[in-house]
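Everything on this sheet refers to the single structure shown next.
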Amino acid sequence: MARILITSALPYINGIKHLGNLVGSQLPADLYARYNRARGHEVLFLCATDEHGTPAELAAAKTGEPVTDYCARMHAVQKELSDGFRLSFDMFGRSSSPQNHRLTQHFATRLGQAGLIAEVTERQMYSPTDGRFLPDRYIEGTCPNCGYTRARGDQCENCTKQLDPTDLIDPRSAVSGATDLELRETKHLFLRQSAMRGQLSDWIEGKTDWPVLTTSIAKKWLNDGDGLQDRGITRDLDWGVPAQFDGAPWAGMDGKVFYVWFDAPIEYIACAGEWAAATGRTDAAWERWWRTDKGAADVRYVQFMGKDNVPFHTLSFPATILGSGEPWKLVDYIKSFNYLNYDGGQFSTSQGRGVFMDQALSILPADYWRWWLLSHAPETSDSEFTWDNFQVSVNKDLADVLGNFVSRVTKFCRSRFGEVVPAGGAYGDREQALIADLSARVAEYQAHMDAIEVRKAAGALRAIWVAGNEYLQAAAPWTAVKTDPDAAAMMVRLSLNLIRLYAVLSAPFIPDAAATLRAAMNTDDGWPDDVAAALAALPPGHAFTTPEVLFAKITDEQRADWATRFAGVRT
RNA sequence: GGGCCUGUAGCUCAAUGGUUAGAGCAGAGCGCUCAUAACGCUUUGGUUGGGGGUUCAAGUCCCUCCGGGCCUACCA
């Protein structure tokens with residue numbers, strides 16, 4: 001039995017995530033977690049809300065709530081939605097947890113003691129009206145290059161020119177519109193990533209089995225220009241982990257907090273501490289997942305994320321861990337995803353374009369979304385969601401191929417033999433061939449799942465479903481029953497066992513439907529390590545119930561309605 | 001500007017430099033009647049974005065042009 005630590009990129013606290021966010025990290029991570037649990041491995045699957053930073057403060061200000069209240073409320077909302085999508089986190093924590101405060105300050109201390117933190121004084125834009133320093137992109141003004149009047153302080157969206165806030169003509173706060181901006185000196189801590197460039201580069205160069213998407217982004221940052229740059233890890237904000245604390249190896253950082261991208265990855269570790277605390281476990285229980293000197297040496301750690309998160313997971317977070325000089329577990333494999341587009345354009349949180357997690361669950365059960373999203377996961381390039389494709393794929397795969405198979409088998413059995421697994425008859429060549437075929441296909445499915453090839457795994461699973469329909473069509477028990485009832489009984493018995501097999505194999509993709517099938521077949525969820533044996537799990541005389549329609553089809557009217565409803569801006 | 005990814009059938013996507021470029025869906029034809037008008041079988045469909053080059057051999061490698069996307073370190 002292997003031990004597998006799985007983390008999904010942390011969803012930011014600022015609002016409800018869309019389906020593109022979901023398929024880029026949490027959903028495939030859940031697929032992998034469920035699969036490995038089903039295979040009998042020991043899994044710890046962690047995720048949390050990423051709660052610090054300027055956007056959280058501004059979102060709270062907008063609703064009039066204290067930021068702590070806002071984050072608590074939004075955490076609950078995101079937790080409910082992740083439950084709705086059946087994301088099987090062992091812990092859905094919070095980066096604002098006491099565990100993360102302690103651990104973030106601990107890492108900062110270690111890095112400081114190791115000489116890997118520098119104090120840098122710089123000048124940044126301050127808005128007296130807003131009472132805060134403003135990140136570059138929160139300053140708007142007229143572009144000196146093209147005259148666009150809503151250029152941001154980091155880049156003009158119109159002409160794409162890189163800008164500095166001081167370049168802008170008539171700069172103003174994007175938060176309040178205030179124009180009384182001024183440059184103020186402020187001191188910040190920088191993580192000396194440049195000092196660790198060689199160590200990080202050697203580590204990345206050794207990861208030859210990682211997706212190109214992952215390593216190419218890392219190498220770009222390592223080698224671009226003057227090489228890996230130091231990164232500021234503090235901000236002038238109120239909401240976050242205080243950068244000044246007892247035992248800190250620096251002074252003068254009062255009123256500042258750590259930058260979210262410093263504390264958020266540390267929450268992966270702290271979240272394990274939250275898990276232990278929430279489930280009455282000791283520190284040793286979580287440390288055996290994270291400390292190689294305390295039992296984690298045999299852990300395989302896999303991270304899931306969208307491509308925009310890669311630099312922080314390949315460089316900054318490893319720099320934090322390596323720089324600490326302590327035996328923390330480093331990531332073994334990074335699975336990164338491209339983006340899911342929505343009907344010819346991008347999903348957009350800010351513009352409310354596309355389908356968001358709450359909306360998705362309000363119109364269809366989670367399994368529909370899980371199946372479509374995972375079977376179309378943007379692994380090699382960006383992929384595209386269209387309502388037409390969604391309707392056709394889901395109806396065909398889930399309703400016709402899988403759902404209808406269950407219907408035809410259970411209803412035929414009920415009408416001819418009653419709701420019990422019929423006795424009599426023995427396998428012939430056709431059945432032996434089916435078992436051989438399925439054994440190969442299950443092996444293929446497992447290989448793709450082990451390699452985290454999500455779309456290929458979905459294709460292999462679908463082929464297993466199709467094999468049942470092919471068998472049934474060729475065996476034709478509805479004909480055999482007229483002349484050879486024992487043979488028909490054997491065919492039906494095998495087919496009923498196929499339903500159980502499908503329930504077990506499909507559970508990582510469509511857990512609710514799988515649970516419905518297992519309950520209907522009145523059986524367990526043991527993995528089919530031996531397909532022939534698995535197809536005898538339901539013995540003659542075993543009672544079952546005929547399930548209701550497993551997946552109702554999406555009608556043309558529904559599709560048209562949804563396409564219209566979600567075309568424009570979220571209201 | 002720089003870097004990376006990408007362009008393959010009507011659609012969504014596959015193809016360690018090595019047979020005649022594949023699969024699902026959609027389309028067409030046939031079969032079946034247990035089933036959610038579902039299922040099965042057969043089948044149409046390609047100058048692999050354009051052009052040039054390397055090679056015995058190129059969807060794959062190189063150059064160039066065209067299109068799409070991402071990143072570019074202060075959003076997270």
Side-chain angles (χ1 to χ4, degrees), chain A residues 9-14 50-56 58 122 124-125 133-139 152-155 160-162 164-165 188 193 212-213 215-217 219-221 223-225 228-232 235 259-261 264 306-312 315-316 338-339 341 346 349-350 372 375-376 378-386 388-390 392-393 395-416 455-456 458-459 462-463 466 468-479 481 488 491-492 495 548-553:
Chain A
L10 308 187
Y12 195 65
I13 195 69
N14 179 18
D50 177 14
E51 304 193 358
H52 298 136
T54 307
L58 296 179
E122 41 185 29
Q124 294 189 352
M125 295 299 265
F133 282 91
L134 292 173
D136 290 355
R137 69 175 52 199
Y138 282 98
I139 297 165
R152 294 189 318 203
D154 57 340
Q155 184 176 36
T160 75
K161 185 177 174 59
Q162 300 277 308
D164 187 273
H188 283 296
Q193 298 184 140
V212 174
L213 184 64
T215 50
S216 66
I217 291 172
K219 288 175 184 174
K220 157 73 170 165
W221 281 54
N223 302 319
D224 191 40
L228 188 60
Q229 301 296 298
D230 295 343
R231 175 176 277 274
R235 292 292 183 272
Y259 177 41
V260 282
W261 263 118
K307 57 186 170 187
D308 52 329
N309 276 330
V310 168
F312 305 100
L315 303 169
S316 303
N338 287 283
Y339 292 141
N341 290 319
Q346 290 184 18
T349 300
S350 58
W372 190 90
S375 62
H376 293 78
E379 289 177 297
T380 51
S381 63
D382 292 352
S383 65
E384 171 106 352
F385 176 93
T386 63
D388 195 54
N389 185 293
F390 178 68
V392 168
S393 294
N395 284 354
K396 187 68 184 176
D397 296 348
L398 297 181
D400 296 345
V401 175
L402 176 61
N404 183 54
F405 177 79
V406 173
S407 275
R408 61 196 300 207
V409 170
T410 51
K411 288 180 180 174
F412 180 74
C413 184
R414 182 174 61 182
S415 70
R416 297 295 180 153
R455 276 190 319 224
K456 289 179 181 174
R462 187 186 187 284
V466 167
N469 282 310
E470 289 172 348
Y471 168 74
L472 215 53
Q473 189 68 29
W478 49 90
T479 302
V481 75
M491 296 167 190
V492 170
S495 297
E548 295 303 310
V549 168
L550 198 59
F551 293 100
K553 291 199 187 187

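A, B, ... follow the sequence lines: proteins, then strands. Residue 1 opens every chain.
- Residue-level contact check: A:Ser383 touches the backbone only, with heavy atoms under 4.0 Å from sugar-phosphate atoms and none from bases.
- Between the CZ atom of A:Phe312 and the C1' atom of B:rA73 there is a distance of 7 Å, rounded to whole Å.
- Applying the 4.0 Å criterion to OP1 and OP2 of B:rC13, one finds that A:Lys456 has every side-chain N and O outside that range.
- Here the separation of B:rA21 from B:rA73, taken at their C1' atoms, is 42 Å to the nearest Å.
- Taking 4.5 Å as the limit, some side-chain heavy atom of A:Leu315 sits within range of a side-chain heavy atom of A:Leu228.
- Comparing atom distances between the A:Trp221 side chain and each of B:rC34, B:rA76, B:rC71 picks out B:rC71 as nearest.
- Within the 4.0 angstrom heavy-atom criterion, base atoms lie near A:Val549.
- Distance noted for atom C1' between B:rU72 and B:rG18: 40 Å (whole Å).
- Looking at heavy atoms from C-beta onward, A:Ile217 lies in side-chain contact with A:Pro311 at the 4.5 angstrom threshold.
- In the set B:rC39, B:rC74, B:rC25, the nucleotide with an atom closest to the side chain of A:Asn469 is B:rC39.
- Contact annotation for A:Lys553: base contact, defined as any heavy-atom pair under 4.0 Å involving a base atom.
- To the nearest angstrom, P of B:rU42 lies 12 Å from CD of A:Gln473.
- A donor-acceptor pair is defined here as one N or O able to donate and one able to accept, closer than 3.5 Å; such a pair exists between the side chain of A:Asp230 and the backbone of A:Gln193.
- Within 4.0 Å (heavy atoms only), A:Phe405 reaches no atom of the nucleic acid at all.
- Using a 4.0 Å heavy-atom criterion, one finds that A:Phe133 contacts no nucleic acid atom at all.
- A:Lys396 comes within contact range of the sugar-phosphate backbone alone, with a heavy-atom separation under 4.0 Å but no base atom that close.
- Between A:Phe385 and A:Phe390, the two ring planes are tilted [angle within 30° to 60°].
- Separating the CG atom of A:Leu58 from the C1' atom of B:rA76 is a distance of 13 Å, rounded to the nearest angstrom.
- Atom CZ in A:Arg235 sits 12.5 Å away from atom CH2 in A:Trp261 (nearest 0.5 Å).
- What separates CG of A:Asp400 from P of B:rU33 is a distance of 20 Å, to the nearest Å.
- With B:rA76, B:rC74, B:rC34 as the choices, the nucleotide that has an atom nearest any side-chain atom of A:Asp136 turns out to be B:rC74.
- Between the CZ atom of A:Arg235 and the C1' atom of B:rC75 there is a distance of 10 Å, rounded to whole Å.
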Exercise. Passes side chain to side chain donor-acceptor pair (under 3.5 Å), A:Lys307 versus A:Asn338? Steps please.
Worked result: CA-CA 6 Å; A:Lys307 57 186 170 187; A:Asn338 287 283; 3.0 Å; yes
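- Between A:Arg455 and B:rU12 there is no side-chain polar atom (N or O) within less than 4.0 angstrom of OP1 or OP2.
- Residue contacts for A:Val466: at a heavy-atom cut-off of 4.0 Å it reaches the sugar-phosphate backbone alone, with no base atom in range.
- Within the nucleic acid shown, A:Leu10 has no heavy atom closer than 4.0 Å to any nucleic acid atom.
- Rounded to whole Å, the P atom of B:rG52 lies 38 Å from the corresponding atom of B:rC25.
- Heavy atoms of A:Asp397 sit nowhere under 4.0 angstrom from any nucleic acid atom.
- Put simply, the side chain of A:Trp261 and the base of B:rA76 share a donor and an acceptor less than 3.5 Å apart.
- Across the C1' atoms, B:rC66 and B:rC56 are found 32 Å apart, a figure rounded to whole Å.
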Seminar exercise, completed: Encoded 5' to 3' (Watson-Crick or G-U under 3.5 Å; [ ] crossing; | other strand), RNA chain B becomes (((((((..((((....[...)))).(((((.......))))).....(((((..]....))))))))))))....
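- Between A:Leu472 atom CG and B:rU33 atom C1' the separation is 12 Å, expressed in whole Å.
- Closest of all the heavy-atom pairs between A:Gly53 and A:Val260 is N-CG1, 3.3 Å.
- Residue A:Thr54 is classed as a sugar-phosphate contact, given heavy-atom separations below 4.0 Å to backbone atoms only.
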Exercise. Are A:Trp372 and A:Asn389 close enough, and set up right, to give a side chain to side chain donor-acceptor pair (under 3.5 Å), and what steps lead you there?
Worked result: CA-CA 9 Å; A:Trp372 190 90; A:Asn389 185 293; 2.9 Å; yes
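- Counting any heavy atom pair closer than 4.0 Å across all strands shown, A:Glu470 reaches sugar-phosphate atoms only and no base atom.
- The separation between A:Arg137 atom CZ and B:rA76 atom P is 8 Å, rounded to whole Å.
- As rounded to the nearest Å, B:rU33 and B:rC39 have C1' atoms that lie 10 Å from one another.
- At a cut-off of 3.5 angstrom, the base of B:rC74 holds at least one donor-acceptor pair with the side chain of A:Gln124.
- The listed nucleotides are B:rC34, B:rC75, B:rC74; the one nearest the side chain of A:Phe412 is B:rC34.
- Counting non-hydrogen atoms under 4.0 angstrom, A:Arg416 reaches nothing in the nucleic acid.
- Remark: A:Arg231 is not in phosphate contact with B:rA73, judged by side-chain N or O atoms under 4.0 Å from OP1 or OP2.
- On the C1' atoms, B:rU55 is 9 Å away from B:rG17, given to the nearest whole Å.
- Residue whose closest nucleotide on RNA chain B sits further toward the 5' end, between A:Val260 and A:Leu550: A:Leu550.
- Between B:rC75 and A:Arg152, no contact under 4.0 Å exists linking OP1 or OP2 to a side-chain N or O.
- A donor-acceptor pair under 3.5 Å links the side-chain atoms of A:Ser383 to the main chain of A:His376, judged by distance alone.
- The phosphate of B:rC4 (OP1 or OP2) has no side-chain N or O of A:Lys307 nearer than 4.0 angstrom.
- Residue ring and nucleobase are stacked for A:Trp478 and B:rC34, with a centre distance beneath 5.5 angstrom and an angle between planes beneath 30°.
- Between the CG atom in A:Leu134 and the CE atom in A:Met125 there is a gap of 8.0 Å [rounded to 0.5 Å].
- For a distance-only test at 3.5 Å, the side chain of A:Asn404 qualifies as a donor-acceptor partner of the base of B:rA35.
- Proximity of A:Tyr259 to the phosphate of B:rA76: a side-chain N or O atom is located under 4.0 Å from OP1 or OP2.
- B:rG50 and B:rU42 are spaced 32 Å apart, taking the P atom of each and rounding to whole Å.
- Of the possible polar contacts, none joining the A:Asp50 side chain to the A:Ile13 backbone as a donor-acceptor pair under 3.5 Å is found.
- Residue-to-nucleotide proximity on RNA chain B shows that, of A:Ser415 and A:His376, the 5′-proximal contact is made by A:His376.
- Looking only at distances, a side-chain donor or acceptor of A:Tyr12 sits under 3.5 Å from a matching main-chain atom of A:His52.
- Distance A:Glu384 CD to B:rC13 P: 7 Å, rounded to the nearest Å.
- Here, B:rG22 and B:rA15 have their P atoms 14 Å apart, quoted to the whole Å.
- Counting non-hydrogen atoms under 4.0 angstrom, A:Glu379 reaches nothing in the nucleic acid.
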